[in-house]
Every structure is written in structure tokens, then in C-alpha cells.
Colleague: 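Please find one structure pasted underneath; my questions will follow.
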Amino acid sequence: EAAARLQGHLVHTPCVASKTLSDITGTQVFLKFENQQFTASFKERGACNKLSQLDAQERQRGVIAMSAGNHAQGVAYHAQRLGLRAVIVMPRFTPGVKVERTRGFGAEVVLHGDTLDEARAHAMALAAQQGLTFVHPYDDAQVAAGQGTVALEMLDDVPQLDALIVAVGGGGLIAGMATAAKALKPGIEIVGVQTSRFPAMVNAVKGTRHPQGGSSIAEGIAVGTPGQLPRAIIARLVDDLVLVEEGDIEQAIVMLLEIEKTLVEGAGAAGLAALLKYPERFRGKRVGLVLCGGNIDPLLLAAIIERGMV
């Protein structure tokens, strides 16, 4: 149903083989270019699916979201397209480029809090005060269903995939994708990737106690509190969760730039980072990677390229 709702409102992004990455990793690599969406991220899918199901009263009052970036732009863009008021609460550390792009889609941006949790609490308070519908970035069935359409498209384009490697922050993308993929192809292997600095979902699902860091170049998956709904789905349907280091992510960003001539943010490179770090695990398999976003701070990108050249 989500796929039908999204028809014509999003880009059906390519899912194509990468010969060079396949040769390097000893797997057959297929890349899903979600960085080619209009707001350069898969987050539009969940936002569009959620907003298109609001009733007349909810549409009239408008929506509010909490996000450090891609979810903000997805909600703002589709709210503008549907003629809805959108308020976006962003933590104060949000890169300026993301703040400006979100404003560019006609949203009212409120900068509040030093963490995502503080921003979320403020957004909840504003939602209650102003009667706005809260659009959660990942802990929402309609949002997760929208994100899951990525897997429908990948298996439609490349039915022979053996495994999917998916970046995990709050868990909305992998929860939706796992639901769709396991229903279509029960034997498919699904592996989630977190940065070792934000291992909240790994800890929640595996019972580990990896310490949490302060910041990550993959700020799109730097989530301290995993979603309850995605967590339950991940525990049931996802085969494994792995951790990658900041350096692994940087290496993957540079490789995608050099080899594929495509720009991804930290979270968008997490899947390739995992494949490079654990090659023996996927050797000989047909593996689908989601390049889930391309919104990277230009100064950060410059630093990563410089280090990569060294």
C-alpha cells in the first residue's frame, strides 16, 4: 500500500551492479542510489507515506518533526508539496547546510537542544501546544512502511539478491526493508550496520554493553535511543547487526566518490564500510547496499578527501 501511495511522488532510484566494488570485495555488489532522491535521502519515503494518510483535520493543523537532517528535509518537502504547515525542531549542532535546505522547503525551523533527545522533547511539547501531528523519524509504522519500499524496489530490480546490508540509526529503514524482503524472499540475509560510536540498537538487540561516543561522521545514524517498534522487528527478522569504525566509514565515502563518482554522507557509506570490514562473511554472495543519503557537510567532505589522499 505504501508503494502505491508513493507512486509518482518519488524517484524510483537505480539499483545497479558495481563491477569494481565487486572485484575488490569478492562479492557481487549492487548499489541502491537513494542519494538520488530529490532531498538526497530515502527519508522522503516514510514522510510521504505518513503525510498522505493524514485526515482533513490533521492536514489543517499541520505537522511537526524532530530531525538532525534528512528526515527534516523529507517532511518539509512533502508537506510543502501537499500544502501543509511543517515545523521542524533541529538540535543546535545540525550542519548549516541541512538547516538552510529545510527552510528552503518552506518549513519553520526551531533550533533547540544539544542532543536529539532534547530536540525530541521540545518537539513533543510544541506538538501538544499547537495541535500538530508528530511525524517520528523511525518509531512509526507508516514511516517504516514507507522506508521499506526500498527493499521492494531492490528485489524487483535484482530478484537474485542473497543479502542486504543496511545502515541502522533508529531502525526505521531496516525494519521496513526486513519486513518487505523477508516476506518476498524468506531466505534473504539482512545485516544491519551501526557506527561503534552509536551502538544503541546493537546493545538493545544483542544485550551487549558497548559504550556510546559523543559524535560521529555518520550523524544520520547517531541515535542514542533506538525505536521500540523497529527494535521488535529487528529482533525478529534481522539476521545480524555489526559495528564499523569512523575510519571504515571514511574509507567507504572516498571509495564511492572515486569508483562510483557518487557522493554519500557517513550513514550512506555504512553498508560498504561493513562489506569492506567483514568481506569473508559475504564472499561469493549477491549483496545489496543502500546508499541511503548524500547530504554531507562540505567542510567535513573536504577533510575526509584530504585524509583519504594521504
Side-chain angles (χ1 to χ4, degrees), residues 2 32 34 41-50 65-72 74-75 91 115-117 119-120 123 134-152 154 163-183 188-210 212-213 216 218-244 249 265-271 273-274 288-293:
K32 176 67 167 161
E34 282 295 287
S41 159
F42 76 93
K43 291 275 191 180
E44 274 186 49
R45 294 172 181 269
C48 182
N49 189 45
K50 175 81 174 175
M66 173 283 301
S67 167
N70 294 335
H71 178 63
V75 171
T115 64
L116 285 172
D117 286 337
R120 183 185 299 112
F134 185 73
V135 183
H136 200 286
Y138 45 83
D139 217 350
D140 180 295
Q142 293 166 343
V143 169
Q147 322 300 28
T149 58
V150 173
L152 291 183
M154 290 177 80
L164 298 172
I165 307 179
V166 186
V168 179
L173 175 63
I174 197 170
M177 286 185 67
T179 302
K182 291 279 187 177
I188 196 166
E189 184 184 6
I190 298 176
V191 177
V193 188
Q194 289 208 292
T195 160
S196 58
R197 290 196 182 173
F198 282 86
M201 189 67 81
V202 171
N203 286 342
V205 173
K206 291 190 165 187
T208 48
R209 291 191 177 173
H210 299 291
Q212 187 168 298
S216 169
E219 86 282 341
I221 53 172
V223 176
T225 314
Q228 291 305 309
L229 175 82
R231 176 182 168 174
I233 294 170
I234 289 167
R236 196 172 80 245
L237 296 178
V238 172
D239 296 279
D240 198 8
L241 293 165
V242 298
L243 294 173
V244 294
I249 294 171
E265 60 190 87
L289 304 180
V290 186
L291 306 181
C292 53

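When a residue number appears, it is its place in the shown sequence, counting from 1.
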Colleague: Test of understanding: with ring-ring contact (aromatic ring centres under 6.0 Å, His included), list the residues that count as partners of Y138, not counting sequence neighbours.
Modeller: H136

Colleague: CG/L243 to OG/S196 distance, rounded to the nearest 0.5 angstrom?
Modeller: 6.0 Å

Colleague: Side-chain contact, heavy-atom cut-off 4.5 Å: V244 with Q194?
Modeller: no

Colleague: Listed by chain and number, what are the salt bridge (charged side-chain N to carboxylate O under 4.0 Å, His left out) partners of D240, not counting sequence neighbours?
Modeller: K206, R281

Colleague: Under the side chain to side chain contact (heavy atoms under 4.5 Å, CB included) test, which residues partner A2, sequence neighbours left out?
Modeller: R5, N49, A145, T149

Colleague: If you measure from NZ on K50 to CG on D140, what distance do you get to the nearest 0.5 Å?
Modeller: 4.0 Å

Colleague: Excluding sequence neighbours, so at least two apart, what forms side chain to side chain contact (heavy atoms under 4.5 Å, CB included) with A119?
Modeller: M66, V89, P91

Colleague: Going by the rule salt bridge (charged side-chain N to carboxylate O under 4.0 Å, His left out), which residues pair with E44 if we only count those two or more places apart in sequence or in a different chain?
Modeller: none

Colleague: List in chain and number order the residues that pass salt bridge (charged side-chain N to carboxylate O under 4.0 Å, His left out) with D139, two or more places apart in sequence or in another chain; answer none if no residue qualifies.
Modeller: none

Colleague: According to side chain to side chain contact (heavy atoms under 4.5 Å, CB included), who are the partners of A144, at least two apart in sequence or on a separate chain?
Modeller: none

Colleague: Would you give the length of the straight line joining atom NZ of K43 to atom SG of C48, rounded to the nearest 0.5 angstrom?
Modeller: 15.0 Å

Colleague: Enumerate the residue pairs fulfilling side chain to side chain donor-acceptor pair (under 3.5 Å) with a member in residues 170-182, sequence neighbours excluded, ordered by first and then second residue.
Modeller: K182-D239

Colleague: Would you give the length of the straight line joining atom CD1 of I174 to atom CD1 of I190, rounded to the nearest 0.5 angstrom?
Modeller: 6.5 Å

Colleague: Quick one: list whatever passes side-chain hydrogen bond (donor to acceptor under 3.5 Å, both in side chains) with E34, sequence neighbours left out.
Modeller: T13, Q37, R45

Colleague: Quick one: pull up CD in Q147 and NE2 in H71 and give me the separation to the nearest 0.5 Å.
Modeller: 8.5 Å

Colleague: How would you list, by chain and number, every residue that makes a salt bridge (charged side-chain N to carboxylate O under 4.0 Å, His left out) with R120, sequence neighbours excluded?
Modeller: D117

Colleague: Give, for atom CE of M177 and atom CG of L164, the distance between the pair rounded to the nearest 0.5 Å.
Modeller: 4.5 Å

Colleague: With sequence neighbours excluded, tell me which residues meet side chain to side chain contact (heavy atoms under 4.5 Å, CB included) with T195.
Modeller: R197, F198, S216, I221, E246, I249

Colleague: Is there a side-chain contact between C292 and L173, using heavy atoms and a 4.5 Å cut-off?
Modeller: yes

